[in-house]
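One structure below.
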Amino acid sequence: MSKPSLPQGTRDFSASVVRKRNYIFQTIRTVFELYGFQPLETPAMENLDTLMGKYGDEGDKLIFKILNNGLDNPSKQEQAKLEFDKILSGKNTKGLTERALRYDLTIPFARYVAMNHGQLTMPFKRYQIQPVWRADRPQKGRYREFYQCDADVVGSYSLLNEVELANIYASAFKQLGVDVTIKINSRKILAALAECCGGSDKLVDITVAIDKLDKIGLEKVKEELSERGLTSLQINTIETYLQIEGDNYSKIEQLKKIIGTNETGIKGIAELEYLLAYHKDSFVIKHLQADFTLARGLNYYTGVIFEVKANNAQMGSIGGGGRYDDLTGTFDVPNIPGVGISFGVDRIYDVMEELQLFPAEVQTGTQVLFFNLGEAESKAAFALMQSLRDKGVACELYHENSKFDKQFKYADKKQIPYAVILGSKELLENTVMIKNLITGTQVSLSNSELIGFQF
RNA sequence: GAGGGCGUAGCUCAGUAGGUUAGAGCGACAGUUUGUGGCACUGUAGGUCGUGGGUUCGAGACCCAUCGUCCUCCCCA
């Protein structure tokens, strides 16, 4: 073991990075609290059963599994080998691993609700800010350990929840200074399209293909649909669907011509219309964009779906969410509907760094550096410093009696805005010299004036 | 899971067609005669050139493998 290193896709965060990340967390947390959501934390690891099968085949592969302890016990070696053979043939993995790291915050929340629904006041609104882990290959904007900030409401079918969640997105990103587009769609609209074109069993084929529209283009999407067994008539309908353009209202009008007679479609369109109408006179409306190609992971969404994109940065989605009408059903607690959104903090950080959106104040740590100019002097400085600390001002006393030069440079490097100089002269007069290191101006203050000084 | 780029000092990199003791900038540390910083100047420390093989009289450079890292696709936050 020579050079230490980090596991792939994980990072250390230095002081300035932590401060900037905390600024994002705090902004989002404040908004969540303002909308009546309460905090929840769940363990980093869950039972593997809780997570498996909830994220689709791709998702299952990306779950970080935890090896069971005690496999090296000699008396269990034969058993362990048998279990390993089972894994190689794609069977269950319980003998070797029965726990896994959290993959997202939604499923652990669903598990929590399923376990505690008897005690929860419905509708139950919780927010959760914790790291999640994915065994993905790291690349730009993609990490193996990253934070999500989720807000979900369960126990309510009301579209008012969707309205508020859209508001939370718009409000949080406004405060962070990130210009975003909140794309919205309804899974019911996608379902209706499938019903009109080949039947609901083609839903996944259709959505997977049309989701790629902006990447591979219309022709390739049509090819893929054809390969997936759709007739040219059906593909024509989908083509018309994909060519819908314009503002939100004209898009919906065009959509009505395609699926407007389908019962599911009517419901889906009504959801989007409700959401748009509710925000008609709000600042939120200019961020909302109906996008019928938006699909997202279709595993549990049933109604409105959201996806947030930063407008001036090249970055995947920085947030996403939607309605799931039966999330806890897989935990044998049926009929609890819910809707939620998620913020991807690490991507938001990358976008804000790229666009230089962090305010300078975020970096402020220590406010005042007390110079150390001798034994008696530093003792007096220490007493004054403690008084300032009692008033909530972050202070440091230089650790040893060094030359001015060194003490100033220390303040510079830590970006400390004020220096308090208390030397032999000040000690006699019960005063201090306070210097603003940014402007370079300094004034002499009495000790009591220093305690009342506005930093 | 598939494909591509890159691994030289703490960081960013330079190292010409393979040729002696491997360089710069920034940073760190110390000093430019100990009560006023940022600048400037001087000096010091720090690298078995990711690792292991191979080609060669000779490899940081070329070949193979391996590990790491970054990126693209898939999927996602």
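Letters A, B, ... are given to chains in the order of the sequence lines, protein chains preceding strands, and every chain is numbered from 1.
Screening residues 51-67 of chain A for side chain to side chain donor-acceptor pair (under 3.5 Å) gives A:Y55-A:D104 as the qualifying pairs, with residues at least two apart or on separate chains.
A sub-4.0 Å separation between OP1 or OP2 of B:rA77 and a side-chain N or O of A:R296 is present.
Not counting sequence neighbours, A:Y23 has no partner by the ring pair (Phe, Tyr, Trp, His ring centres under 6.0 Å) test. With sequence neighbours excluded, no residue forms a ring pair (Phe, Tyr, Trp, His ring centres under 6.0 Å) with A:F64. The ring pair (Phe, Tyr, Trp, His ring centres under 6.0 Å) check on A:F331 picks up nothing, with sequence neighbours excluded. A:R19 is linked by a side-chain hydrogen bond (donor to acceptor under 3.5 Å, both in side chains) to nothing, counting only residues two or more places apart in sequence or in another chain. Partners of A:Y169 according to the side-chain hydrogen bond (donor to acceptor under 3.5 Å, both in side chains) rule, which considers only residues two or more places apart in sequence or in another chain, do not exist here. Every residue two or more places apart in sequence or in another chain that forms a side chain to side chain contact (heavy atoms under 4.5 Å, CB included) with A:E33 is listed here: A:R29, A:P39, A:Y127.
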Subject >> B/S/- contact track for nucleotides 35-43 of chain B, protein heavy atom under 4.0 Å >> reply: BBBB-----

Pairs of donor and acceptor atoms involving the side chains of residues 447-455 of chain A, under 3.5 Å and at least two apart or interchain, shall be tabulated with distances.
{"residue": "A:S448", "atom": "OG", "partner": "A:S446", "partner atom": "OG", "Å": "3.3"}
{"residue": "A:E449", "atom": "OE1", "partner": "A:S446", "partner atom": "N", "Å": "2.8"}
{"residue": "A:E449", "atom": "OE1", "partner": "A:S446", "partner atom": "OG", "Å": "3.4"}

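Less than 4.0 Å separates RNA chain B from no heavy atom of any residue of residues 374-388 of chain A.
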Pick out the pairs of N or O atoms, protein on one side and nucleotides 27-29 of chain B on the other, that lie under 3.5 Å.
{"residue": "B:rA28", "atom": "OP1", "partner": "A:K413", "partner atom": "NZ", "Å": "3.4"}

Just the atom pairs and distances: protein N or O near nucleotides 65-69 of chain B's N or O, under 3.5 Å.
{"residue": "B:rU69", "atom": "OP2", "partner": "A:Q8", "partner atom": "NE2", "Å": "3.3"}

